[in-house]
Amino acid sequence: MRYYIIAGEASGDLHGSNLIRELKLLDTAAVIRGWGGDLMQEAGMELRKHYQDLAFMGFYEVLKNLPTILRNLKFCKQDILEFQPDALILIDYPGFNLRIAEWAHKQGLKIIYYISPQVWAWKENRVKIIKECVDKMLVILPFEKDFYRKWGFEVEYVGHPLVEVVEKHRQSAQGPWTLDSHVIALLPGSRKQEILKKLPVMLEASRAFPQYEFVVARAPGLDEKFYEEILRPYPNVKGVQGKTYDLLMRAKAALVTSGTATLETALFGVPEVVCYKGSAISYEIAKRLVKIKYICLVNLIMDKEVVTELIQHDLTVSNLNFQLQEILSNSQKIAQVKNDYLALRELLSRGGRASANAAKSIHAFLTGANAS
């Protein structure tokens, strides 16, 4: 069969690549084309557009880059029509993918959504579009089944794909994890805009902890010179690229921008402080629209504050220094975080291997076979 897959971010590229491998095991004649990144291409997809060309975040930034976004939409539609897929598989990235879903539905294409947009956080009315246009929704967060059921839309929970990704790395990693580590991981995000907002604050915090080695996880695809300029005033801070998981295996604590990285850090068992700062305009708009209690996936899934969130004006050097000291030296705090991480892992593991589950569900849906 022919599959067209669209992922617009680094995390989507990771999960898309694992899905592609599982699909190819079930459908040896699969032909796959789409949007994503290096990982999806390595897994066997013909890459038509790289996610690095799509990285616009925040309301103001999207508005400013609207002509480019519209050109991308036009190109994507033409490419799908040319390819004539048996199924269109969308991975998160709602601003773009839901527009494609509406269009593709009118073309009579079968649409499968793997990794739901966070409609439970804001823009709940998007569920109406999903119900109308999406033939099958595969979700990776346990609470999403109840959320969609409230809207009269049955979805399938397949487990969280990060559990298997992290476990695979832990088993294959070289060298033991050490409790006496003196490494602090800095995960400032994958887009230049967010890195420029958050990394300088993280770096200033490093001055208060000279006994620790601070290491920045550089985003894949970003020029090394971009980081060199930011890190130049901090000779004791270094960066690594393509080794984020190795870094988390060694880290005693981490400063992490909101997003998938917060969950990855938790699954590696590393105490963290979550850092979020956007443009003033985007933040003020989001503050009025977002309905959730937390911005961190760890806290959202557990429905309590497992890790501290420093958001916008609270993300200061002094606040960061205090919270980092807490997760480095407050034994009671550290123990509680570790216990909550174990509960989180157990909760996300109940669905089994997410990538394999998703591929089986997709293949069964398209062939009419029994998924089990």
Side-chain angles (χ1 to χ4, degrees), residues 57-58 181-219 226-239 244 247-248 250-259 261-266 269-287 290 292-300 304-338 340-341:
M57 63 174 291
S181 168
H182 281 71
V183 172
I184 307 296
L186 305 182
L187 279 62
S190 60
R191 303 180 181 97
K192 283 187 177 181
Q193 296 160 240
E194 62 180 346
I195 292 168
L196 289 171
K197 286 284 184 185
K198 299 155 195 169
L199 184 55
V201 185
M202 295 177 178
L203 292 172
E204 278 300 305
S206 73
R207 297 187 188 277
F209 299 87
Q211 70 274 38
Y212 288 94
E213 178 186 6
F214 283 73
V215 183
V216 179
R218 302 200 315 258
F226 168 73
Y227 288 97
E228 284 178 358
E229 293 179 10
I230 301 174
L231 297 182
R232 191 173 293 122
Y234 308 91
N236 296 326
V237 180
K238 67 178 185 180
T244 301
L247 173 59
L248 289 173
R250 294 180 56 220
K252 187 179 184 70
L255 308 180
V256 189
T257 193
S258 61
T262 62
L263 191 53
E264 291 172 309
T265 303
V270 182
E272 64 185 300
V273 180
V274 176
C275 308
Y276 175 82
K277 195 169 191 176
S279 70
I281 295 174
S282 293
Y283 175 70
E284 288 301 321
I285 295 172
K287 190 169 66 174
V290 174
I292 52 178
K293 290 187 288 185
Y294 309 108
I295 63 167
C296 168
L297 277 174
V298 176
N299 294 342
L300 280 167
K304 67 176 184 176
E305 188 178 280
V306 174
V307 297
T308 299
E309 301 178 351
L310 295 178
I311 305 172
Q312 202 69 5
H313 305 300
D314 290 332
L315 183 57
T316 64
V317 176
S318 60
N319 285 346
L320 202 49
N321 286 345
F322 176 81
Q323 295 299 337
L324 180 54
Q325 185 63 47
E326 281 285 287
I327 60 173
L328 287 171
S329 60
N330 186 330
S331 58
Q332 186 176 354
K333 170 81 170 177
I334 295 168
Q336 183 60 57
V337 170
K338 296 274 189 175
D340 286 335
Y341 280 176

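In this chain, numbering begins with 1 at the start of the sequence shown. All values below were derived from every heavy atom in this structure, side-chain atoms included, with hydrogens, water molecules and symmetry-related copies excluded.
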*Pairs flagged by salt bridge (charged side-chain N to carboxylate O under 4.0 Å, His left out) wherever residues 310-335 is involved - sequence neighbours left out*: none
_I'd like to know whether Tyr341 forms a side-chain hydrogen bond (donor to acceptor under 3.5 Å, both in side chains) with Glu272, so could you lay out the CA-CA distance, the side-chain angles of the two residues, the decisive distance to 0.1 Å, and finally the verdict._
CA-CA 11 Å; Tyr341 280 176; Glu272 64 185 300; 3.2 Å; yes
*Can you tell me how far CD1 of Ile327 sits from NZ of Lys252, rounded to the nearest 0.5 angstrom?*
10.5 Å
*Report the residues that fulfil ring pair (Phe, Tyr, Trp, His ring centres under 6.0 Å) with Tyr212, sequence neighbours left out, ordered by chain and then residue number.*
His182
_A side-chain contact here means heavy atoms from C-beta on lying under 4.5 Å apart; do Leu310 and Val274 qualify?_
no
*Are Leu231 and Leu203 close enough, and set up right, to give a side chain to side chain contact (heavy atoms under 4.5 Å, CB included), and what steps lead you there?*
CA-CA 8 Å; Leu231 297 182; Leu203 292 172; 3.7 Å; yes
*side chain to side chain contact (heavy atoms under 4.5 Å, CB included) between Ile184 and Glu213: does it pass, once the steps are laid out?*
CA-CA 6 Å; Ile184 307 296; Glu213 178 186 6; over 6 Å; no
*Any side-chain heavy-atom pair from Phe226 and Arg218 closer than 4.5 angstrom?*
no
*Do the side chains of Val183 and Phe214 get nearer than 4.5 Å, heavy atoms only?*
no
*Residue Gln332 excluded, over 12 heavy atoms near CD under 6.0 Å*: no
*May I ask you to test the Glu194-Pro188 pair for a side-chain heavy-atom distance under 4.5 Å?*
no
*Going through the distances and angles, do Asn319 and Thr316 end up as a side-chain hydrogen bond (donor to acceptor under 3.5 Å, both in side chains)?*
CA-CA 5 Å; Asn319 285 346; Thr316 64; 3.3 Å; yes
